[in-house]
Amino acid sequence: MKPNIPKGTRDFLPEEMAKRTYLFETIKHVFRLYGYLPVETTSIENIDTLMGKYGEEGDRLIFKILNSGDILADLKDKDINTLTGKELSRLISEKALRYDLTVPFARFVAMNRNELTFPFKRYQIQPVWRADRPQKGRYREFYQCDADVIGSTSLLNEVELIKMIDDVFVKLKIPVIIKINHRKLLMAIAENAGILSNFTEVITSIDKIEKNGYSAVKEELISKGFTDIQIFNLFNLFTVGGDSFDEQIAQASLQIPNNNLKLEGIRELELIAEGLKHSRISNTTSFDVKLARGLNYYTGTIIEVKVDSTKCKSQFNNSIAGGGRYDNLTDLFGLPGVSGVGISFGADRIYDVLKELNLFPAGLSVCTQVMFINFGKEREKKCLEWIDALHKAGISAELYPDNVKFKKQMGYADAKKVAFVVFAGDDEVAKNAVKIKNMVSGEENEIKDNQITDYFLK
RNA sequence: GUGGCUGUAGCUCAGAUGGUUAGAGCAUCAGAUUGUGGUUCUGAGGGUCGUGGGUUCGAUCCCCAUCAGCCACCCCA
């Protein structure tokens, strides 16, 4: 059969793995620096854990796992023709691949509440799966790198997470814009426009203003059944200007009529702005009333990160990190009153940007330091002893496994970018010596065979 | 789920108004070079031209269908 992998998935070669490891280690380093602890959760979740948490579109994109066994036997009492697609799907699929790391984490917290000390700060780096149609910067299997604080309503957490985003992208040398908004402000706007009851519908439309413009979004809202006057009232509140984060919040505060939601939202944003002032953020932070984010579970601060195309020549337009506060997620798993806030780095998209901008440091791939040429059965034994000594000294070394012609062995060393090749053939052994060749300079040195380890430790 | 573009060697791509045996570069393997790689030279292997059907004396090329990939929308990391 032809070897193939499902669309939207990828294998990684050693060279790519070296770069991915660099990326993951950079992010992990920041997570640890701020006191976040690692956890992992299962790849497979019960389907009920995931369904209904992400919105209608999210549900559609969940990868479902077909029940094992004879599916028809399980259905024998049901009339397939009277079932809806949804009902049928429930009967033949009880498990699914995780769609993100946040919802499984909420489930994890609710399950392990007695083992955890709150506020609990965790990081998690694992793949997630989405049954989306792949395209540029969009994969069906990709890694998320999440950091969340759960069990604390303090806005210091928001400040910390934004600072962590900044730290990561400073380290990676990617200029970014960190966009910030607040769901309560959006709700206040929706309330003032008299459309709060359709909030989630409005949200997804608002999110498109930045990309598609007001007129396109207006059309969409009309098709969703909103009236001209409602849309007018809605858009009227979206004309916030101002240069700095502070000014933008102040302007929004003037623009949006007072109600409880608005006052809370503004107050929280002001506290975050205050905290950020003392956090020495390098990248641009920007308040954006039009930022909405499609995930259902956010209730407070929302954050989205994009490449700052004014400061680099990146064409990458997708968000590369995102996050926000969710007040009721653990509630769905029987643990009420525990608020959480978190961020998620999209490792694969960040990888694409690093590649596009040529920002990977040189010399990332780790390779064998020393390779011994295989001169046959008699000579192998001594090589194994020398290699053992090198390994004990922490130097990576290997013996070519077959006694084949040198061209082949040297070609292997060359392709694998081995730094040094050691010759211990008849000529050298007669003198209790070995010849060491530097594969970069081509220079060769003959040394006593009891000094091999010292030579490489130098 | 909706729309557009593309399928020729392991990879990147040529190709002819429809006409014998479908090419190149890179990669692979072998030899020049039985104790020296990255350079060079020589040679070799590798293709049911995505799949199925139609038009035709004849299709890799034209038509239809189908599958796959890419891109955009939707949504998101």
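Naming: A, B, ... by sequence-line order, numbering from 1 per chain. Everything quoted here is computed from the prediction, not taken from an experiment.
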Heavy atoms only, 4.0 Å cut-off, all strands: where does [X] land among base, sugar-phosphate and nothing?
{"X": "G425(A)", "value": "base"}
{"X": "G137(A)", "value": "base"}
{"X": "R60(A)", "value": "base"}
{"X": "D348(A)", "value": "nothing"}
{"X": "G58(A)", "value": "nothing"}
{"X": "N212(A)", "value": "sugar-phosphate"}
{"X": "A321(A)", "value": "sugar-phosphate"}
{"X": "Y143(A)", "value": "nothing"}
{"X": "K408(A)", "value": "sugar-phosphate"}
{"X": "D207(A)", "value": "sugar-phosphate"}
{"X": "E428(A)", "value": "base"}

- Between G31(B) and K405(A), is there an OP1 or OP2 to side-chain N/O distance shorter than 4.0 Å?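 Yes, K405(A) has a side-chain N/O under 4.0 Å of OP1/OP2 on G31(B).
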
- Message: On the nucleotide A72(B), are OP1 or OP2 found under 4.0 Å from the side-chain N or O atoms that Q135(A) carries?
- Response: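 Looking at the OP1 and OP2 atoms of A72(B), one of them is under 4.0 Å from a side-chain N or O of Q135(A).
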
Counting only Watson-Crick pairs (N1-N3 plus N6-O4 or O6-N4) and G-U wobbles (N1-O2, O6-N3), all under 3.5 Å, who is the partner of [N]?
{"N": "U42(B)", "value": "A30(B)"}
{"N": "A24(B)", "value": "U12(B)"}
{"N": "G7(B)", "value": "C67(B)"}
{"N": "U2(B)", "value": "A72(B)"}

Quiz item: cation-pi between [X] and [Y], 6.0 Å / 45°:
{"X": "R130(A)", "Y": "F142(A)", "result": "no"}
{"X": "R10(A)", "Y": "Y139(A)", "result": "yes"}
{"X": "R140(A)", "Y": "F63(A)", "result": "no"}

- Taking the nucleotide of RNA chain B with the closest heavy atom to each, which residue, A424(A) or R349(A), is nearer the 5' end? A424(A)

- Message: Heavy-atom nearest nucleotide on RNA chain B for E304(A) versus G8(A): which residue maps closer to 5'?
- Response: G8(A)

- G35(B) base / Q409(A) side chain donor-acceptor hit below 3.5 Å: no

- Does D414(A) get its side chain close enough to the base of G37(B), under 3.5 Å, for a donor-acceptor pair? yes

- Would you call the rings of F420(A) and Y455(A) parallel, tilted or perpendicular, where under 30° means parallel and over 60° means perpendicular? perpendicular

- Query: Does a salt bridge link E25(A) with K28(A), judged by any charged N lying under 4.0 Å from a carboxylate O?
  - Reply: yes

- Indicate yes or no: does K208(A) engage E220(A) in a salt bridge with an N to O separation below 4.0 Å.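 Answer for the salt bridge query: yes.
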
- Query: Would F142(A) pass as stacked on A77(B), i.e. its ring centre under 5.5 Å from the base's six-membered ring centre and planes under 30° apart?
  - Reply: yes

- Message: Nearest to the side chain of K208(A), heavy atoms from C-beta on, is which of G38(B), C75(B), U36(B)?
- Response: C75(B)

- Using the C1' atom on both, measure U60(B) against U17(B) and round to a whole Å.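 Per the computed distance, 16 Å lies between those C1' atoms.
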
- Using the P atom in both, what is the distance from C76(B) to A14(B), to the nearest Å?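 Each nucleotide's P atom is 38 Å from the other's.
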
